[in-house]
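A quick write-up on the structure given underneath.
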Amino acid sequence: MCHRLVQIGLIGQNAASLISTEERRDVTCSRTSAWLVAVAGLLAAGVLGFAGPAAATTGDSVTINNSTHLTVKTNQMLHVAASAQPTCVTTLGVAAPARPISLTLTNSASKSRTIASSSQPCDQSASLSATISPPAHNGAYTVTLDNGSPTNTTTATLDVLIPPAQVKGVHVSTAGTTATFTWKVDATADVRSYQILNSAGRVQKLAVSKRACGKSSGRCTTDLSMGQDAAGTTEKFRVRALRCGMSCSSKRLPGPPSKPVTASFAAVSSSASSPPPSATATPTEPPPAPPLTTPISTEPTTASSSAGGRHHGKGSPPPTPGSSIPPPSPATSSPPPAVGQSAPPPSSARVVSGSNGGDSGSTPWRWIAAIVVLLMVVLHIGVFITRPDGR
């Protein structure tokens, strides 16, 4: 019995020993497998980390003066800043490959220039910055961040609308009512034309092309005719430049007017403005008419009465009782000269004598003689009427 018990005990001890050995073997295998799996996992993770970049980056940013869309209207310095996030993941401290990072400025015609660039490991973030002046031309621009490849891009927009500078060196001269202006050429690339303003600020002449200005002299020249109304007046003028806006085909931006210049236009003389007098102009006053004369007979006449036929001496016969002395016939005067004709020179007055028809003497003496004769006739008539015999 005891022997069997001993055998059974030995058998149980051997069985326990066998079980312990199997367990130890299983544990060892399990540990080895786990270690191999862990190592394989680490190696796989490293291989995958170097095999390709991470998904498309997020969090990249570009700003111009802390803004993603900026419009500038004055000449000022611009600060461009960019932040680029990692583009890959690495493990086990293995160095990551480098990636290029750049900032470019592109205009509306797709012409671009690089304003900043760098190279950083693909598993690290990076930042770029640059300080630039506004572009030489007005218009729309784009600032682009390229982070590792052309597909990883982020942009900000820049609109440049800067007016031209004040025109310098303006001079003016006049000839008659025409003014000639000269001024210095603006060297800004997209200044295309100029305007001339009067003292009220109104445009007197529009679009003096910059292409017409002298390249060698560096000055622009143009004439401005003011018309006859400007004669004898003085006017102040200013000149301003015009620059392209968002494009040169759109509305252009005017600059500030120049300092004023004064133009004095000479007055038109009266002799030059009035026509010369005509040769057949009507005189202001007609010449005096020739004096009127009455022909007077100087032959003596014999007066006799009808009753006695007595001779009373020389003179005119007495008039018949009841008759009157006819007044002398008025002399006709020459008509005044017609309008537009010159007056004929006055001719010498001629009096026809009753006896010989010769030329008369002085006109006043002829009148005095006529009056004396009339007085004698009147006296004879009075004597005849007052005679005592009543004849």
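In this text the structure is predicted, and so the values were computed from the model without any measurement. Only heavy atoms go into these numbers, but all of them, side chains included; no hydrogens, no water, no symmetry mates.
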Quick one: closest heavy-atom pair of [X] and [Y], and the distance?
| X | Y | result |
| --- | --- | --- |
| A136 | R243 | O-NH2, 3.0 Å |
| S61 | T154 | CA-CG2, 4.1 Å |
| V62 | T68 | O-CG2, 3.7 Å |
| R192 | C244 | CG-SG, 3.7 Å |
| V268 | A231 | CG2-CB, 3.7 Å |
| C220 | V185 | SG-CG2, 3.8 Å |

Is the closest side-chain heavy-atom distance between [X] and [Y] below 4.5 Å?
| X | Y | answer |
| --- | --- | --- |
| Q124 | P86 | no |
| T188 | P164 | no |
| R252 | S193 | yes |
| T222 | K205 | yes |
| S199 | F237 | no |
| L70 | L78 | yes |
| V239 | P257 | no |
| L161 | L253 | yes |

Do [X] and [Y] sit in the same hydrophobic cluster, where Ile, Leu, Val, Met, Phe, Trp and Tyr count as joined when their side-chain heavy atoms come under 4.5 Å apart?
| X | Y | answer |
| --- | --- | --- |
| V143 | L145 | yes |
| V160 | L103 | yes |
| V167 | F181 | yes |
| V261 | V208 | yes |

Ignoring hydrogens and geometry beyond distance, is a side-chain donor-acceptor pair present between [X] and [Y] at under 3.5 Å?
| X | Y | value |
| --- | --- | --- |
| D60 | Q85 | no |
| S67 | N65 | no |
| D123 | T90 | yes |
| T142 | T144 | no |
| S258 | K168 | no |
| D223 | T180 | yes |
| T262 | E235 | no |

What's the spacing between [X] [atom1] and [Y] [atom2] if we round to 0.5 Å?
| X | Y | atom1 | atom2 | value |
| --- | --- | --- | --- | --- |
| S118 | R99 | OG | CZ | 8.5 Å |
| T182 | R219 | OG1 | CZ | 4.0 Å |
| D186 | K210 | CG | NZ | 6.0 Å |
| I196 | Q204 | CD1 | CD | 8.5 Å |
| T178 | M226 | OG1 | CE | 10.0 Å |
| L206 | Q195 | CG | CD | 5.0 Å |

| task | Check whether more than 12 heavy atoms from other residues, nucleotides or ligands sit under 6.0 Å from atom NZ of K184, and answer yes or no. | result |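 Count not over threshold, so no.
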Is there a donor-acceptor contact under 3.5 Å from the side chain of [X] to the main chain of [Y]?
| X | Y | answer |
| --- | --- | --- |
| D159 | V72 | no |
| T104 | S112 | no |
| D190 | N138 | yes |

| Criterion side-chain contact (heavy atoms from CB on, under 4.5 Å) on I162 and K73, from CA distance to verdict | CA-CA 4 Å; I162 302 175; K73 296 184 178 180; 5.5 Å; no
| task | Not counting sequence neighbours, list each pair that qualifies as a disulfide bond (SG atoms under 2.5 Å apart) and has a residue in residues 97-151. | result |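 Output for this query lists C88-C122.
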| request: Test R240 against Y194 for side-chain contact (heavy atoms from CB on, under 4.5 Å), laying out the working first. | output: CA-CA 6 Å; R240 69 181 179 185; Y194 300 89; over 6 Å; no
